[in-house]
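Read the structure below first, then the notes.
Just so you know, ligand 1 is whichever comes first in the structure, and atom 1 is the first atom listed for that ligand. The figures that follow rest on heavy atoms only: side chains count, while hydrogens, waters and symmetry mates do not. The residues of the chain are indexed from 1 along the displayed sequence.
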Amino acid sequence: MAVAVWPRNICHVNHLYDISVIGAGPSGSYAAFLLATAGYRVLLIDRRRIEEIAPVCTGVVGRPYAVLMDLEPDLVLAEAKAATVVSPSGSRLRVASTDVQAYVLDRTLLEKRLRHKAATAGAEVLDGVVISRMVRESDIWVIRGSRDGCREMFASRAVVLAAGVSPGLARQSGVGSPRRYLVGGHVEVEMDDVPETEVHLVPDLAPGAFAWLTPVGPYRVRVGVLSMRAAMHLTERFLDRPDVSRRLRSHPVLVAQRPIPVAPSRWTCSHGLVSIGDAAGQVKPTSGGGLYFGALAAQAATEVLGEALSKDDLSLNSLASYERLWRSAIGRELHRGALLRSLYTRMSPGQVDRLIGWAGRTRLADRILGSTSFSFDRHSGTFFSALLQSLPAALSGATPPRVEAE
Ligand SMILES: Cc1cc2nc3c(=O)[nH]c(=O)nc-3n(C[C@H](O)[C@H](O)[C@H](O)COP(=O)(O)OP(=O)(O)OC[C@H]3O[C@@H](n4cnc5c(N)ncnc54)[C@H](O)[C@@H]3O)c2cc1C
């Protein structure tokens, strides 16, 4: 095997790892955990130290994620069986199920727990290191960065790029970047009268925008806005709406915002490297949820890298099955979700109002929720066909047939 030539004035040069995972967010830490459990020498690197973890994320996940990750009860802040959709003019449509549809997680604890699990499984976890340069030399990845002003260098046979939205690292790695982004604004506030999640369709604030209020404990509510731009500003405007501001017990100090990739990269593997999670754009375009799909991608990456390492063949050809594996698991959902999002972005506030009114009278939402093909994580197909059937009539102004509850 070829050996890298280490430059001088490097503070830290470690031995050769099987796999470096860059980014210890939820996707990267889970991948490191799986790879270390499978017996590989794994290095997990993140620029944030454990005490700096402060995710901009509401932390809502469906049952499949909870089962897959074997989530401990202390990670779950709230369970959700119902939600209310609020139209631009303020009409409300409640959608309820007898089963728990989603869990709201302690997002900071989730990240700490996943890093800890990776370390316990045998991964070496290095935090406070900002990676700035990656290059493949003689069949190994040489990764350069800095920590506390000191230059660092690592080497591994393979890399999992899980650094979230990092176009520079993606370029150096030879993989694509997500092709489209939305922006998510987020803040936790104290509010009265938010017993369950509210989803506010607010295309009047910006085309395609929606907002949410998610209760996580007594008076504690996570507020978010997803839009094409200026999400921080739109979150502040959303909080100023009379229906929201009258319930606020405290005014938010600081709204944070972060890009959300909503169209996956065209290619997610190169020689000896795969990208996963937000780095690859594996995020639901409808809701901006990326935790579950990032975990599925981590599983696919582990399977393919494991096989490639055992055959000692980390060529592009050998890793191409990662691309096929994750696309067959979630590609269709991402594609339909993108169509739904683009449909919603084209609708005026009046059209959204008419659709919500129609959905209420025809019990459309209940039918979607009751459909066997619907789940919290895989909903785009059911939504899409229901909308195609109802949209022309809903927008025509015709009086809908009233469907009574069974
Ligand atoms: C407002 C908002 C609300 C959301 N709500 C939900 C939700 O309710 N449910 C859901 O499923 N998803 C939600 N998401 C999306 C979810 O947060 C992301 O999909 C998820 O965090 C992706 O995880 P990841 O590990 O792929 O990337 P990230 O969480 O972005 O982690 C990337 C890691 O890489 C590290 N890193 C980056 N660059 C470098 C570097 N150069 N050197 C070293 N380390 C580096 C970062 O410090 C970070 O720890 C939300 C997003 C937003 C913005």
Proximity of [X] to ligand 1 by residue part, where a heavy atom lies under 4.0 Å:
{"X": "Ile260", "value": "side chain"}
{"X": "Arg47", "value": "both"}
{"X": "Leu226", "value": "neither"}

Rounded to the nearest 0.5 Å, what separates atom [atom1] in [X] from atom [atom2] in [Y]?
{"X": "Ile131", "Y": "Phe154", "atom1": "CD1", "atom2": "CZ", "value": "5.5 Å"}
{"X": "Gln257", "Y": "His233", "atom1": "CD", "atom2": "NE2", "value": "11.0 Å"}
{"X": "Ser173", "Y": "Met134", "atom1": "OG", "atom2": "CE", "value": "3.5 Å"}
{"X": "Ile53", "Y": "Arg107", "atom1": "CD1", "atom2": "CZ", "value": "9.0 Å"}

Closer than 4.0 angstrom, basic N to acidic O: yes or no for [X] and [Y]?
{"X": "Asp127", "Y": "Arg47", "value": "no"}
{"X": "Arg41", "Y": "Asp18", "value": "yes"}
{"X": "Asp70", "Y": "Lys117", "value": "no"}
{"X": "Arg115", "Y": "Asp46", "value": "yes"}
{"X": "Arg157", "Y": "Asp312", "value": "yes"}

Pick from Ala297, Gly23, Ala162, Ala295: the one approaching atom 32 (C) of ligand 1 most closely through a non-hydrogen atom: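 Heavy atom nearest to atom 32 (C) of ligand 1 belongs to Ala162.
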Identity of the nearest option to atom 25 (O) of ligand 1, non-hydrogen atoms only, from Ser27, Gly185, Ala24: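 Minimum heavy-atom distance to atom 25 (O) of ligand 1 goes to Ser27.
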Cation-pi, Tyr219 ring and Arg249 (6.0 angstrom, 45 degrees):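 Geometry flag: set, cation within 6.0 Å and 45°.
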Numbered atoms of ligand 1 (with element) below 4.0 Å of [X], judged on heavy atoms:
{"X": "Gly59", "answer": "7 (C), 8 (O)"}
{"X": "Leu169", "answer": "41 (N)"}
{"X": "Val130", "answer": "42 (N)"}
{"X": "Ser166", "answer": "38 (N)"}
{"X": "Val60", "answer": "7 (C), 8 (O), 9 (N), 10 (C), 11 (O)"}
{"X": "Gly289", "answer": "10 (C), 11 (O), 12 (N), 13 (C)"}
{"X": "Gly277", "answer": "26 (O)"}

Side-chain donor-acceptor contact under 3.5 Å, Ser245 with Asp240: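 On atom types as modelled, these side chains do not qualify, holding no pair under 3.5 Å.
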Ser328 side chain to Arg324 side chain, donor-acceptor N/O pair below 3.5 angstrom: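 No, because no side-chain N or O of Ser328 sits under 3.5 Å from a partner of the opposite role on Arg324.
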Closest approach of any protein heavy atom to [atom], naming residue and atom:
{"atom": "atom 14 (N) of ligand 1", "value": "Gly288 O, 3.4 Å"}
{"atom": "atom 22 (C) of ligand 1", "value": "Asp278 OD1, 3.2 Å"}
{"atom": "atom 2 (C) of ligand 1", "value": "Val56 O, 3.6 Å"}
{"atom": "atom 12 (N) of ligand 1", "value": "Gly290 N, 3.1 Å"}
{"atom": "atom 16 (C) of ligand 1", "value": "Arg258 NH2, 3.7 Å"}
{"atom": "atom 40 (C) of ligand 1", "value": "Ile131 N, 3.8 Å"}
{"atom": "atom 6 (C) of ligand 1", "value": "Cys57 SG, 3.4 Å"}
{"atom": "atom 35 (C) of ligand 1", "value": "Asp46 OD2, 3.2 Å"}

For the 3.5 Å polar cut-off, considering only N or O atoms, please tell me whether [X] and ligand 1 meet it.
{"X": "Leu291", "value": "yes"}
{"X": "Arg115", "value": "no"}
{"X": "Tyr292", "value": "no"}
{"X": "Pro259", "value": "no"}
{"X": "Pro26", "value": "yes"}

Ring centre gap for His200 and Phe210 strictly below 6.0 Å: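 No, the ring centres sit 6.0 Å or more apart.
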Min heavy-atom dist [X] to ligand 1 below 4.0 Å:
{"X": "Arg107", "result": "yes"}
{"X": "Val129", "result": "yes"}
{"X": "Gly224", "result": "no"}

Arg222 (side chain) donor-acceptor with Thr58 (main chain) under 3.5 angstrom: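 Indeed, once roles are kept as given, a pair shorter than 3.5 Å links the two residues.
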Geometric class of the Tyr292/Tyr65 ring pair [parallel <30°, tilted 30-60°, perpendicular >60°]: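 Geometry flag for Tyr292 against Tyr65: perpendicular rings.
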Pairwise side-chain contact, Leu43 with Ile19, heavy-atom cut-off 4.5 Å (strictly under):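 No; the side chains remain at least 4.5 Å from each other.
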